[in-house]
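Worksheet: one structure, shown below.
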Amino acid sequence: MGRRKKIVQECERLMDEPENIRNIAIAAHVDHGKTTLTDNLLAGAGMISDETAGEQLAMDTEEDEQERGITIDAANVSMTHEYEDTNHLINLIDTPGHVDFGGDVTRAMRAVDGALVVVDAVEGAMPQTETVLRQALREGVKPTLFINKVDRLISELQEGPEEMQQRLLSVISDVNELIRGMTEDMDDIDDWTVSVEDGTVGFGSALYKWGVSMPSMQRTGMDFGEIMELERADKRQELHERTPLSDVVLDMVCEHFPNPIDAQPRRIPRVWRGDDETDLAESMRLVDEDGEVVLMVTDIGVDPHAGEIAAGRVFSGTLEKGQELYVSGTAGKNRVQSVGIYMGGEREEVEEVPAGNIAAVTGLKDAIAGSTVSSVEMTPFESIEHISEPVITKS
Ligand code: GDP
């Protein structure tokens with residue numbers, strides 16, 4: 001059996017174990033390294049070869065789009081990662097980094113429970129860092145932070161340990177200040193801020209494929225001093241082998257992002273205003289795969305062969321071929337023609353997609369990004385608000 005087929009099978013098995021699922025987005029200001037980091041994760045999970053990560057840019061679908069005539073606004077991909085002896089299914093939604101794509105970023109956030117925010121160590125938090133944080137927090141999506149391009153601080157700017165520490169701490173405190181400003185009215189503010197000590201901050205170099213976090217330093221026994229020495233000595237391959245970026249980030253994802261069972265009770269009241277005492281509400285909170293089907297469509301792509309593909313988050317029930325589903329805002333029902341998951345931007349058909357997962361569905365001809373698709377008529381999800389860049393005015 002081919003490697004890809006094996007991964008698909010493993011993903012299918014894990015789709016039924018919501019406690020081991022993480023639905024995540026990676027978001028960043030443009031050029032901070034989101035695409036390079038994403039490729040590292042795909043390579044780490046065995047989706048693309050290690051050598052080509054960084055060159056292949058599998059999530060950068062523009063070339064694909066031109067070659068195959070496919071329009072993918074926010075590419076989706078599923079991968080597996082073993083953490084503490086348990087295999088996890090990570091459904092990753094790529095968010096466009098450019099300001100004009102604000103609407104897509106917001107939609108992606110509806111489908112996920114955690115957002116890995118990438119910040120360039122040299123540039124620090126930028127306007128779109130603020131925008132993506134706001135989008136995440138508004139949707140009840142938990143942020144973690146990855147400070148990228150740390151190699152530049154060491155090798156290019158020749159910063160010493162203290163200078164570098166100051167800089168990294170100031171990036172973290174800027175990000176936390178933004179988060180605090182956005183969560184003032186929320187309970188448990190500390191749940192949303194990030195910290196090195198609790199492992200919700202990682203550092204490293206997506207370009208040279210090494211990464212570090214408090215838990216990773218404990219695991220590998222490598223401290224920051226040793227990392228600086230290796231980076232300075234241009235021993236980046238050794239750094240990559242001893243403390244690979246993908247392990248650091250994927251461990252952080254598994255450890256610190258909530259699974260759908262923990263996330264949905266907290267998120268549903270934020271994004272759905274229906275009667276919370278109904279069976280349907282209970283089934284969404286419990287991620288009940290035997291409940292009524294509820295899918296929130298976050299993206300529509302077009303495949304020249306399969307036609308329109310609706311991607312979205314299954315909040316309740318199990319999606320299967322042949323189901324007749326309501327589409328919010330339209331009369332009548334649509335028939336599901338196929339259900340699938342995304343592997344590196346390509347759709348793989350599967351038998352069924354249970355609650356807690358990201359699905360790719362064909363046949364929903366009336367659905368648009370933002371539609372609520374369900375087996376019973378229901379109050380639709382809140383519309384997804386587009387948040388634009390903060391306006392900077394000169395005084
Ligand atoms: P995106 O716009 O956030 O997706 O950013 P990209 O991943 O396309 O990266 C933007 C540029 O930064 C590219 O030229 C990358 O090679 C470079 N880059 C990304 N990560 C790193 C890093 O860790 N170190 C350095 N020095 N350059 C990086």
Side-chain angles (χ1 to χ4, degrees), residues 24-44 48 50-65 72-77 92-102 104-105 108 115-133 135-136 143-159 164 167-168 171 175 201-213 216 224 227-228 230-240 243-249 252 344-345 389:
I24 69 161
I26 301 186
H29 190 83
V30 64
D31 276 348
H32 281 199
K34 178 172 58 66
T35 314
T36 315
L37 174 68
T38 304
D39 270 13
N40 267 266
L41 304 188
L42 294 181
I48 55 177
D50 205 18
E51 291 73 40
T52 49
E55 289 154 31
Q56 190 158 334
L57 302 180
M59 294 290 273
D60 229 353
T61 49
E62 260 176 48
E63 254 185 42
D64 267 15
E65 275 181 54
I72 306 168
D73 296 329
N76 309 292
V77 60
L92 169 67
I93 294 203
D94 188 35
T95 59
H98 193 272
V99 278
D100 292 350
F101 294 116
D104 285 338
V105 178
L116 179 68
V117 178
V118 181
V119 175
D120 179 329
V122 182
E123 281 201 347
M126 294 291 280
Q128 204 172 4
T129 313
E130 180 173 349
T131 307
V132 295
L133 278 169
Q135 287 161 336
T144 61
L145 175 65
F146 182 75
I147 307 184
N148 192 31
K149 306 197 187 184
V150 173
D151 60 286
R152 290 190 59 201
L153 304 184
I154 303 168
S155 301
E156 201 179 305
L157 305 181
Q158 301 271 323
E159 290 187 355
M164 199 163 88
R167 190 195 282 269
L168 296 174
V171 172
V175 166
V201 176
F203 315 89
S205 167
L207 188 61
Y208 299 117
K209 307 172 194 171
W210 59 264
V212 59
S213 66
S216 89
F224 223 88
I227 287 168
M228 287 179 80
L230 288 168
E231 169 64 39
R232 270 216 187 96
D234 207 4
K235 292 188 174 162
R236 287 158 171 160
Q237 185 58 26
E238 184 180 339
L239 255 181
H240 163 58
T243 185
L245 174 65
S246 57
D247 280 358
V248 170
V249 171
M252 184 158 93
E389 295 295 291

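Counting starts at 1 for both ligands and their atoms, following the listed order. Keep in mind the model is a prediction, meaning the values are calculated, not measured.
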Does Arg152 have any salt bridge (Lys or Arg N to Asp or Glu O under 4.0 Å) partners at least two apart in sequence or in another chain, and if so, which?
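With neighbours one apart ignored, the set is Glu156.
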
Partners passing salt bridge (Lys or Arg N to Asp or Glu O under 4.0 Å) against Glu123 (at least two apart in sequence or in another chain)
none

Pull out every atom of ligand 1 sitting under 4.0 Å from any heavy atom of [X], numbered as shown with elements.
| X | answer |
| --- | --- |
| Asp31 | 1 (P), 2 (O), 3 (O), 5 (O), 10 (C), 12 (O) |
| Arg152 | 26 (N) |
| Gly33 | 1 (P), 3 (O), 5 (O), 6 (P), 7 (O), 9 (O), 19 (C) |
| Ser205 | 22 (C), 23 (O), 24 (N) |
| Asp151 | 22 (C), 23 (O), 24 (N), 25 (C), 26 (N) |

Have a look at Glu156, Lys209, Lys149 and point out the one with the heavy atom closest to atom 11 (C) of ligand 1.
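Looking at heavy atoms only, the winner is Lys149.
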
Ligand 1 and Val30, any nitrogen or oxygen pair closer than 3.5 angstrom?
no

Side-chain (His240) to main-chain (Lys209) donor-acceptor, under 3.5 angstrom:
yes

Consider side chain to side chain contact (heavy atoms under 4.5 Å, CB included). Of Val117, Val249, Leu41, Thr35, which one does Ile26 pass it with?
Leu41

Could you measure the distance from the CH2 atom of Trp210 to the CD atom of Glu231? Nearest 0.5 Å is fine.
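Interatomic distance, Trp210 CH2 to Glu231 CD, rounded to 0.5 Å: 5.5 Å.
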
